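This report refers to the structure that appears directly beneath it.
When a residue number appears, it is its place in the shown sequence, counting from 1. Keep in mind the model is a prediction, meaning the values are calculated, not measured. Numbering of ligands and ligand atoms starts at 1, following listing order.
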Amino acid sequence: MNRRYRKLRLEKRNRLLELAYIDPITGLGNYNAYLARTKEKLEINSKKTIIILDIDKFKTFNKKHGHMKGNELLKRVGEEIEHSIRKTDIVCRLANDVFGIFLVGEVDIENITRRLNNKISQIKIGDIWYNLRISMGVYICDKEEKDVQSIIDKAIMAHDSIKGKYHVPYGVFTEEFEQKMIRESEIENMMEDAIKNKEFEVYYQPQISTKTEKMEGAEALVRWKKDGNIISPGEFIPIFEKNYFIIKLEEFIYEKVCENIQEMKKQFTNIPKISVNISKESLLEKDFLKKYMKIAKKYGISPNNIEIEITERTTVDSNMDMKEILEKIKKKGFSIAIDDFGTGYSSLNMLEMLPIDMIKIDKSFIDHIGEKNHTINLLEIIFLITKKLNLKTVAEGVEKSEQVSYLKKVNCDFIQGYFYAKPLDFDTFKRYIREN
Ligand code: C2E
Ligand code: CA
Ligand code: CA
């Protein structure tokens, strides 16, 4: 009696344990099982590789083919992974369409990821073949690790690093990558206070007319001064674009520019047109234009004094109706420049269709002027086209006198670069206006 009762209790306990550790859909271990099983191996072995495998657009698959098919697919993917790894390795389903793999000992990453990709990119359910895309995050670890969650996090970060790169099937977590992530979170922790503490400052870089040799425009460029150091916009702008803080920063910069224009108008009869960089994130904001018009009004500034710079990359974004957005901006009186021209694969058709005033030719083209096998032919073609379309041109990053003479020869309209002036703080910029 007693023994029978104990046996029953043991069976019940095992069943409960099973429920707690087994994923009913694939029959593999679940997230809890992954934590428990890998923990053992983490402590025993020295070299281990963690792969997080994610099925792209699984939601769409579910919608299209139904949940039953979706479940079958997960089961088949689990099987294919199991067949691709060794008996001593581990695979579990961690969440919806995310599998966790744990490989013990030396591993050829290129090989295993290719094998997984080949097996899973075409899956047969019943008689039908389905095409899938997977993406993976890899963390190779040869030091002692105690915390399973932290190694999973690293593989997830490696996976996140290839988001949007459709031709890259996997990302690997490296030390360098880790440093970058740490820096990124440092910057994210500092950014809100930076606005409050007025750490962002606007610098102005003159744009010189090739005809008159006078400054007719200037580009507003942000500087972040933190504890006596300058953090480069090349470092923080991409982070702010990702986390959308760029919207707040650009509004702040724009307001500062309006304030500065108001001040310049009081001091000078002739002031240069100021161009501001505006990201796709800001352009897509619902009340972007309304907000920017309101700020201009607050400082008594006409949009005629301001040029909006958007990168060529932004113009080719298929998620936006660029023509409509830019036409609205243009109608208010702003002029529009295409930044980093030549790097973003826009079509000529785009140039004709969009209401653009100015093309900013990227520094990479200017750098080659004067070299033996330079891209001058390409530059000449760019100038021919812009003239034909009645667009003004600025050459960016001009540093040498031979570049200046070439640009004058081909009738480039404006020159921006260290040859004439670096970006200047507002006081120095006002002095520059006075003296030139
Ligand atoms: P960008 O818009 O292409 O700005 C031109 C960059 O080239 C600036 O770098 C400028 O300082 C640099 N530059 C100008 N002339 C020369 C030259 O002769 N030689 C060399 N080597 N460099 C030159 P900066 O200020 O570091 O800005 C980097 C990028 O950060 C900008 O590239 C722009 O994309 C972004 N950025 C800067 N300020 C803002 C801003 O207020 N808003 C947004 N969204 N982006 C900004
Ligand atoms: Ca720019
Ligand atoms: Ca540029």
### Query
If you look at D340, which of its N/O/S atoms is nearest to the Ca ion (ligand 3)?
OD1

### Task
Work out whether the distance between some heavy atom of P423 and some atom of ligand 1 is less than 4.0 Å.
yes

### Vertex the Ca ion (ligand 2), arms to E219 OE2 and E309 OE1, rounded to 10°
90°

### Flag: protein heavy atom within less than 4.0 Å of atom 39 (C) of ligand 1
yes

### Query
Can you tell me the protein heavy atom closest to atom 45 (N) of ligand 1 and the distance?
I237 CD1, 3.5 Å

### Message
Taking only non-hydrogen atoms of K422, do any sit less than 4.0 angstrom from ligand 1?
### Response
no

### Query
Do Q207 and K273 have side-chain N/O donor and acceptor atoms under 3.5 Å apart?
no

### Query
Do any heavy atoms of K360 fall under 4.0 Å from ligand 1?
no

### Task
Kindly confirm or rule out an N or O of D340 lying under 3.5 angstrom from an N or O of ligand 1.
yes

### Query
Quick one: does K363 get a heavy atom under 4.0 Å from ligand 1?
yes

### Query
Among Y418, F240, F200, which one has a heavy atom closest to atom 22 (N) of ligand 1?
Y418

### Message
Under a 3.5 Å cutoff, is there a donor and acceptor pairing between the side chains of Y31 and D23?
### Response
no

### S279 N/O to ligand 1 N/O under 3.5 Å
no

#### Entry: Name, closest N/O/S atom of D339 to the Ca ion (ligand 2)
OD2

### Query
Are any of the N/O atoms in S232 less than 3.5 Å from those in ligand 1?
no

